Student: 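To start, I am sharing the structure in question, which I have written as structure tokens.
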Amino acid sequence: MTALVVLLLIATPQQTERVRALERKLMAPCCYQTTLAEHHSEAANEMKAEIAALVTEGRTDREIVEVYKQRYGARILAEPEGATGVWLKTVPLAAVLVGLALVVFVIHRWLSG
């Protein structure tokens with residue numbers, strides 16, 4: 001059995017959910033293209049096992065994230081720090097609206113001139 005399986009067998013359901021949530025917050029360090037939850041490389045599996053061990057040791061989510069930020073830098077985070085859901089939704093929507101207004105303006109000038 002892998003270390004991850006053993007750790008998850010002795011973990012409480014709450015600890016298991018925390019492990020899963022942390023896996024969704026961190027990128028796989030081998031490619032930085034998918035989260036740990038979606039990746040199955042050897043490096044990702046080792047990181048998952050280490051996260052499970054840290055959770056069962058009683059470390060907080062913040063402490064665990066900091067361990068990986070120190071090791072890999074901010075690139076390891078799936079969502080940038082300080083980015084709240086409101087900003088992640090508002091900024092792209094505002095960009096689309098500005099772009100649409102620009103298109104309407106250009107078409108209006110083209111048709112009237």
Side-chain angles (χ1 to χ4, degrees):
M1 259 195 259
T2 67
L4 177 61
V5 173
V6 171
L7 288 168
L8 290 177
L9 287 175
I10 62 172
T12 67
Q14 293 82 12
Q15 289 173 325
T16 302
E17 183 50 40
R18 282 185 55 212
V19 169
R20 298 293 179 233
L22 285 163
E23 289 174 0
R24 290 187 297 271
K25 289 181 181 180
L26 299 169
M27 301 299 288
C30 53
C31 65
Y32 295 101
Q33 294 188 8
T34 60
T35 64
L36 283 175
E38 301 164 338
H39 208 72
H40 302 290
S41 69
E42 184 177 333
N45 289 336
E46 288 174 11
M47 197 166 156
K48 289 176 187 181
E50 185 178 26
I51 290 169
L54 293 169
V55 167
T56 56
E57 284 176 12
R59 297 292 239 354
T60 66
D61 291 0
R62 186 79 214 139
E63 289 173 329
I64 294 169
V65 169
E66 285 300 317
V67 165
Y68 291 105
K69 272 183 49 186
Q70 288 176 3
R71 189 179 299 166
Y72 298 104
R75 184 177 185 188
I76 198 74
L77 302 175
E79 185 175 300
E81 285 185 308
T84 62
V86 173
W87 283 108
L88 289 176
K89 294 174 186 170
T90 305
V91 171
L93 178 62
V96 168
L97 292 176
V98 168
L100 183 60
L102 183 63
V103 168
V104 168
F105 176 76
V106 168
I107 290 174
H108 177 50
R109 288 201 41 121
W110 181 58
L111 291 176
S112 64

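These numbers were taken from a predicted model, which means no experiment stands behind them. Residues take their numbers from the sequence shown, with the count starting at 1.
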Student: Might you point out which heavy atoms bring Y68 and I76 nearest each other, and give the distance in Å?
Tutor: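 Taking every non-hydrogen atom into account, O-CG2, 3.8 Å.
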
Student: If hydrophobic clusters are built from ILVMFWY residues whose side chains come within less than 4.5 Å, do V104 and L111 share one?
Tutor: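 Different clusters.
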
Student: Can you name the closest pair of heavy atoms from Y32 and M27 and give their distance?
Tutor: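 Nearest heavy atoms, Y32 then M27: O-CE, 3.5 Å.
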
Student: Let me see the working for E66 and E63 under side chain to side chain contact (heavy atoms under 4.5 Å, CB included), right down to the final yes or no.
Tutor: CA-CA 5 Å; E66 285 300 317; E63 289 173 329; 5.7 Å; no

Student: Should we count CD of E57 as having more than 12 external heavy atoms under 6.0 Å?
Tutor: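 Yes, enclosed.
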
Student: Working to the nearest 0.5 Å, report the span between CG of D61 and CZ of R18.
Tutor: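 Result: 4.0 Å between the selected atoms.
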
Student: Which heavy-atom pair separates H39 from K48 by the least distance, and what is that distance?
Tutor: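 Heavy-atom minimum between the residues: O-NZ, 2.8 Å.
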
Student: Tell me, with the steps shown, if L77 and L26 meet side chain to side chain contact (heavy atoms under 4.5 Å, CB included).
Tutor: CA-CA 5 Å; L77 302 175; L26 299 169; 4.1 Å; yes

Student: Which pair of heavy atoms, one from H40 and one from A37, lies closest together, and at what distance?
Tutor: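 Reported closest heavy-atom pair: CE1-O, 4.5 Å.
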
Student: How close do Q15 and T56 get, heavy atom to heavy atom, and via which atoms?
Tutor: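 Minimum heavy-atom contact is NE2-CA, 3.7 Å.
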
Student: Mind listing the closest non-hydrogen atom pair of A52 and V19 along with its distance?
Tutor: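 Reported closest heavy-atom pair: CA-CG2, 3.7 Å.
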
Student: Between E38, E79, E17, which is the residue that forms a salt bridge (Lys or Arg N to Asp or Glu O under 4.0 Å) with R24?
Tutor: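 Considering E38, E79, E17, a salt bridge (Lys or Arg N to Asp or Glu O under 4.0 Å) with R24 is found only for E17.
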
Student: What's the separation between atom CD in E50 and atom CG in L22, rounded to the nearest 0.5 Å?
Tutor: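 Interatomic distance, E50 CD to L22 CG, rounded to 0.5 Å: 12.0 Å.
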
